[in-house]
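Since we're looking at a predicted model, the values are computed, not measured. Hydrogens, waters and symmetry mates are skipped; everything else that's a heavy atom, side chains included, is used.
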Amino acid sequence: MHRVLYIQEILHQIFRHFLPDSYVAALAPSCRGPFDLPDEYCRSNILSLALTCRAFRDPALDMLWWAMDDLTPLFALLQGFRTEEEESGKKIKVIHGSISPKETEVLTSYARRIKLFHFYHHHDIPFTTFLQVIQACNCTYILPSLRYLLCESSLPEIFFLRSPCLRELKVWFTNNDQPLHHFHNLLASLPQVAPQLVGLSLTCELSEEDLESISCFQNLRNLCLDNSGQWESLTTPLDLNTDFIKKLWSSSSRSLSRIELYGDIELVLDAIAHPPLTFPMVEVVNFVPTRELIVSQLSKFFRSTMFPDLQTLELDYCEALEEESSVEEWQELIKSIVHSPMSAKLRSLKLCSTELPTGLALTDIPEIFTLNLESFETDILEELDLVDIKFMGAAWPCLTDLTLSAELNCDLLHAVGRQFTRLRNLCVHFEPENLPKIDDMPVAIVHPLQRFRIGYTSHTSKPLSDPSKVALFLDRIFPSVKTWSFPNRQALASGLKLKALLKLTVEYFVVSVLITNMHRALNIQEILHQIFQNFLPDSYVDALSYASHGPFDLPDEYGQSTILNLALTCRAFKDSALDALWWAMDDLTPLLALLKGFKVIEDGSGTKIKVIRGTVSASERDTLAAYSRRIKLFHFYHHHDIPFTSLMQVLQATNRPYILPSLRYLLCEVDAPELLSFLSPTLREVKAYFKQADRPAKHFRSLVGSLPLSAPHIMGLSFHYDMSQECLESVSMLSDLKQLYLNNSPAQGSSGSNTIFLSPKIFKGLPTSTLSRLSVHGDVKITNKIPAALPAFSALKEIDLRPSSIKNAEQLTSLFRMAAFPNVTLLKICNYDFAEPTFKRENWQELVRSLVQATPNLQSLKLRCHGLQTGLLLEDVPEILTLPLLSLEESILDVVTVADISSMATAWPKLRHLYLGSRLGPEVLSAISLHFTALQHLDILYDVTTFPELDTVPILSSPVSCFQLRVNPS
């Protein structure tokens with residue numbers, strides 16, 4: 001077992017995952033519901049962990065005993081524990097005899113494991129049994145380490161559940177028959193017994209004495225009082241007077257962070273406190289009384305208190321029927337909230353009253369716009385118009401939750417979707433009258449709304465005339481909604497029909513009901529992206545490979561129609577399928593066709609061109625931006641009859657310097673001025689392959705010159721065109737470059753190309769820590785200047801040199817003197833145009849020495865210079881034998897002898913590939929078979945002038961699987 005599993009803290013964290021989620025939920029400050037213990041299956045798993053090994057025993061037992069709802073397992077550890085039957089037939093659990101010190105020690109050790117106890121019914125353990133255990137243990141607490149106590153019963157035994165470690169007490173009594181004096185006694189003793197209590201949640205009939213006890217806690221953080229009138233005997237309200245607020249401020253003002261008041265509670269404030277009582281740590285205030293009150297009482301409360309750190313405020317109360325509040329009183333309440341220090345951090349506001357008409361308009365309380373709200377709920381506003389929605393959207397741009405009782409029509413609901421672009425939860429009273437035509441309905445490409453609750457006003461009774469049309473309208477405004485709610489019973493039938501349609505509607509397309517039962521994994525966008533990529537052709541991958549310089553093919557008509565059908569299947573598939581459909585493009589016509597002003601016209605010469613008439617609206621700009629972001633690869637291989645001015649119109653309308661903001665791969669076969677508009681900061685790879693000589697590459701050269709600033713994170717470049725020295729210098733400025741392929745070759749039909757020079761300045765600029773592959777072909781020369789400090793390309797693995805302008809070994813030697821390549825494993829040097837007028841052996845010796853010194857870890861070497869008689873022997877370049885080669889292709893050695901083969905085999909025992917350019921006789925061929933025991937691929941030029949006798953040829957075993965034999969034509 002790994003030693004990390006001997007750490008108890010880690011095991012506690014691991015085993016905690018075997019507990020149900022209700023543990024966490026029941027301990028949340030806002031939760032006042034029931035608590036569930038682990039089921040039998042969960043407990044058996046934890047018990048199995050405890051029995052696995054000694055290291056797991058204590059942490060697993062801690063989890064098993066962490067939460068309990070019955071003390072019977074604890075008392076059963078005592079030998080005298082029995083279950084007896086009284087005369088009345090009731091079974092009780094008692095302890096016979098005395099409790100030994102050993103039993104006391106065992107019982108205490110297990111009692112300390114219990115951190116949470118749920119006291120919700122009578123366990124048939126009489127009070128005397130508790131007292132016996134208390135006396136035997138010589139302590140006053142049954143559970144000395146108890147931290148969380150949840151109570152649903154007020155029985156005498158509750159008094160024994162106190163603990164100095166208690167941190168949270170939650171009480172909710174639902175039985176009207178049980179006396180509450182046991183609970184009152186418990187609460188009165190807690191300030192002295194558990195002074196570190198931080199959470200208090202009480203749902204029961206409370207008294208003034210309880211308030212006195214509550215005000216004595218010094219470290220209280222969460223206070224929830226629910227004096228709900230759910231019992232018939234409860235007639236007296238709980239008065240929160242000035243004395244209680246002052247005492248609470250005196251004891252817990254520095255720790256209290258959450259105050260929740262519910263039920264039959266009445267504010268009784270003598271006068272406004274001067275100075276106001278400040279609660280600096282309070283973040284949440286919820287006041288939901290069931291007793292009728294007037295707005296002026298709330299205003300007095302907020303004038304008497306200050307909550308500078310308040311973030312959530314909920315006021316939901318019943319207004320006194322006989323004392324209807326005036327508009328001025330509502331204005332005074334809003335001012336008392338806004339003008340207090342708490343307005344600076346207030347993010348969530350709920351302000352609800354009865355359904356009585358308030359006569360209040362949003363213009364009557366303009367101070368509310370100074371708040372920076374993210375959640376707003378109210379029913380005090382009777383009417384709203386487009387101006388109100390606009391002001392709300394401007395004041396609260398980050399609003400995510402909105403609940404309004406005012407009736408909204410189609411125009412207002414559309415305005416809500418347009419103004420609140422971050423809204424995720426919406427509840428409004430919607431009146432679907434005068435719906436627009438389908439063609440006039442707005443289209444929201446993206447809106448984050450997830451939950452939409454549609455309410456109906458009280459006077460609405462007629463069912464919806466056309467639920468499908470309503471569904472289409474709502475789906476176009478909020479296309480991402482996952483939860484729809486219809487709370488009003490009057491419209492239940494049409495509401496359910498509308499709900500069913502909304503689940504199936506995707507613009508104009510409605511799918512079958514079966515699609516709603518698909519596996520939930522298909523709602524994960526990353527999985528869908530991977531699945532839909534399989535509908536794309538393999539050329540996508542081939543075109544992005546480093547070695548590919550061939551054509552690129554888009555999906556055919558059948559493939560595109562398949563992906564389009566996926567986008568129309570259901571809303572979950574829509575975005576992922578459209579991403580795959582638009583991922584690679586070779587024409588901007590589908591993108592620009594999204595604009596209403598896009599036209600195809602004929603110019604003066606009769607050529608058809610594509611232009612944009614008129615201005616581009618804001619909605620068109622958003623649509624264009626949404627779809628342009630889907631394009632990740634663009635293949636620019638012909639002219640699309642889109643003039644440069646049309647692209648400039650789009651750039652000016654979108655107010656950005658590039659057409660495709662998320663473009664990652666750019667493949668070019670045509671040089672045109674439009675190329676510059678395809679630059680993007682997300683660009684990662686550029687490939688250029690120009691075939692036509694009648695079009696100069698000046699525009700592409702300008703694009704290359706802009707790469708260091710416009711696309712600094714380029715990782716791959718592949719250029720096959722007539723380059724310039726300035727382009728090479730721009731390439732050397734890219735700091736994240738990983739793969740570089742340069743082929744400075746003239747296009748077809750061209751007379752020649754410009755020679756570019758690899759100088760120390762170029763090598764100094766290239767990224768030494770990221771560049772992994774380097775290929776240089778064509779009209780390239782290497783300068784003879786040697787830098788003072790050699791850059792070391794630590795990430796470079798492969799070098800491929802095929803320079804047509806280098807005519808001798810001395811020029812090649814300069815390359816390996818300008819830089820070090822310590823980790824290069826593959827080196828290819830091919831030149832079939834060497835033209836040394838006089839052979840100099842020392843030049844080739846110097847080339848091999850510099851090559852070995854610059855690439856000490858080389859495993860594959862290809863050095864082929866055909867058409868040149870070097871007269872070079874292996875003994876002239878012994879340094880090559882120091883390389884750890886696995887593959888060798890050479891044509892510089894004029895003669896290879898049997899002794900040379902033996903030396904090579906000794907130096908390279910694991911050689912798998914061998915190509916020799918010199919003519920070999922049968923003796924050398926036999927030596928190769930004899931010495932290279934790991935050889936798999938052999939390519940030689942065989943001398944057939946003499947053949948040995950067949951009987952003299954040895955029979956050898958060789959692993960060669962590929963044998964290529966070249967014969968001298970003479």
Side-chain angles (χ1 to χ4, degrees), residues 445-446 525-526 528-530 532-533 536 539-546 548 552 554 575-588 590-592 594 621-637 640 642 647-648 650-670 672-689 699-719 727 730-741 766-767 769-773:
I445 299 298
V446 176
Q525 294 298 309
E526 292 78 4
L528 290 177
H529 274 97
Q530 295 297 323
F532 295 161
Q533 287 294 324
L536 304 177
S539 61
Y540 274 54
V541 180
D542 295 339
L544 301 181
S545 65
Y546 176 73
S548 173
F552 175 76
L554 284 171
D575 287 336
S576 299
L578 287 179
D579 288 343
L581 186 64
W582 287 75
W583 192 87
M585 303 287 287
D586 62 355
D587 189 357
L588 287 181
L591 182 67
L592 300 185
L594 296 171
R621 183 176 64 245
D622 295 340
T623 302
L624 189 77
Y627 278 86
S628 64
R629 289 191 183 96
R630 301 181 190 273
I631 302 176
K632 301 297 189 298
L633 183 149
F634 193 81
H635 186 199
F636 195 83
Y637 74 98
H640 310 292
I642 302 176
L647 297 180
M648 288 301 299
V650 176
L651 293 175
Q652 292 173 357
T654 56
N655 194 25
R656 61 189 183 203
Y658 31 83
I659 293 287
L660 307 176
S662 300
L663 190 68
R664 296 179 65 87
Y665 309 100
L666 178 61
L667 315 181
C668 303
E669 292 187 39
V670 176
E674 302 94 281
L675 274 177
L676 291 174
S677 62
F678 289 95
L679 281 174
S680 169
T682 61
L683 206 59
R684 293 296 181 268
E685 189 166 342
V686 178
K687 289 190 176 185
Y689 184 77
H699 303 297
F700 186 77
R701 289 179 180 179
S702 299
L703 181 142
V704 175
S706 303
L707 287 179
L709 292 178
S710 300
H713 301 295
I714 284 282
M715 301 170 63
L717 292 179
S718 178
F719 295 159
C727 289
S730 300
V731 169
S732 66
M733 298 170 62
L734 297 171
S735 58
D736 294 338
L737 200 61
K738 291 185 178 180
Q739 299 179 348
L740 176 61
Y741 171 86
L766 290 173
S769 60
T770 60
L771 190 64
S772 62
R773 299 183 71 174

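Without hydrogens or angle criteria, Thr682 side chain to Pro661 main chain gives a donor-acceptor distance under 3.5 Å. For the pair Ser772 (side chain) and Lys738 (backbone), a donor-acceptor distance under 3.5 Å is present.
Taking each heavy atom of Arg684 and His713 in turn, the nearest pair found is CD-O, 3.4 Å. Across all non-hydrogen atoms, the minimal contact from Ser677 to Leu651 is CB-CD1, 4.2 Å. Nearest heavy-atom pair, Val670 versus Leu675, reported as atom, atom and distance to 0.1 Å: O-CD1, 3.7 Å. The minimum heavy-atom distance between Ser730 and Gly705, with the atom names listed, is OG-CA, 3.5 Å. Shown here for Leu683 and Ala711, the closest heavy-atom pair between the two residues is CB-CB, 3.9 Å.
Legend: residues meeting side chain to side chain contact (heavy atoms under 4.5 Å, CB included) with Met733, ordered by chain and number and at least two apart, are Pro708. Ser662 pairs by the side-chain hydrogen bond (donor to acceptor under 3.5 Å, both in side chains) definition with nothing, not counting sequence neighbours. For Arg629, there are no side-chain hydrogen bond (donor to acceptor under 3.5 Å, both in side chains) partners, not counting sequence neighbours. Residues passing the ring pair (Phe, Tyr, Trp, His ring centres under 6.0 Å) test with Phe532 are Phe573, sequence neighbours excluded. Not counting sequence neighbours, Leu709 has no partner by the side chain to side chain contact (heavy atoms under 4.5 Å, CB included) test.
Put simply, CG on Asp586 and CZ on Phe634 are 6.5 Å apart, with the number rounded to the nearest 0.5 Å. In this structure, CG in Asp587 is found 7.0 Å from CE in Met585, a value given to the nearest 0.5 Å. Going from atom CG of Leu588 over to atom CD1 of Ile642 covers 5.0 Å, rounded to the nearest 0.5 Å. Atoms CD and CZ, from Glu685 and Arg664 in turn, are 10.0 Å apart once rounded to the nearest 0.5 Å. Between the CG atom in Leu591 and the CG atom in Leu660 there is a gap of 7.0 Å [rounded to 0.5 Å]. If you take CD1 on Ile659 and OG on Ser680, they are separated by 11.5 Å, rounding to the nearest 0.5 Å.
Sorted by first and then second residue, the side-chain hydrogen bond (donor to acceptor under 3.5 Å, both in side chains) pairs with a member in residues 701-712 form an empty list; sequence neighbours excluded.
With contacts defined as side-chain heavy-atom distances shorter than 4.5 Å, the pair Arg621/Leu624 does not qualify. Side-chain contact between Trp582 and Pro590: present, with at least one pair of heavy atoms (C-beta onward) separated by less than 4.5 Å. No side-chain heavy atom of Leu663 sits under 4.5 Å from any side-chain heavy atom of Leu679.
Exactly one residue among Asp736, Val686, Val731 makes a side chain to side chain contact (heavy atoms under 4.5 Å, CB included) with Ile714. That residue is Val686. Here the rule is side chain to side chain contact (heavy atoms under 4.5 Å, CB included) with Leu734, and of Leu740, Leu771, Leu717, Thr770 only Leu717 fits it.
Using bins of under 30°, 30° to 60° and over 60° for the plane-to-plane angle, the ring pair Phe719/Phe700 lands in the perpendicular bin.
Arg630 has a carboxylate O that lies under 4.0 Å from a charged side-chain N of Asp575, or vice versa, which qualifies the two as a salt bridge.
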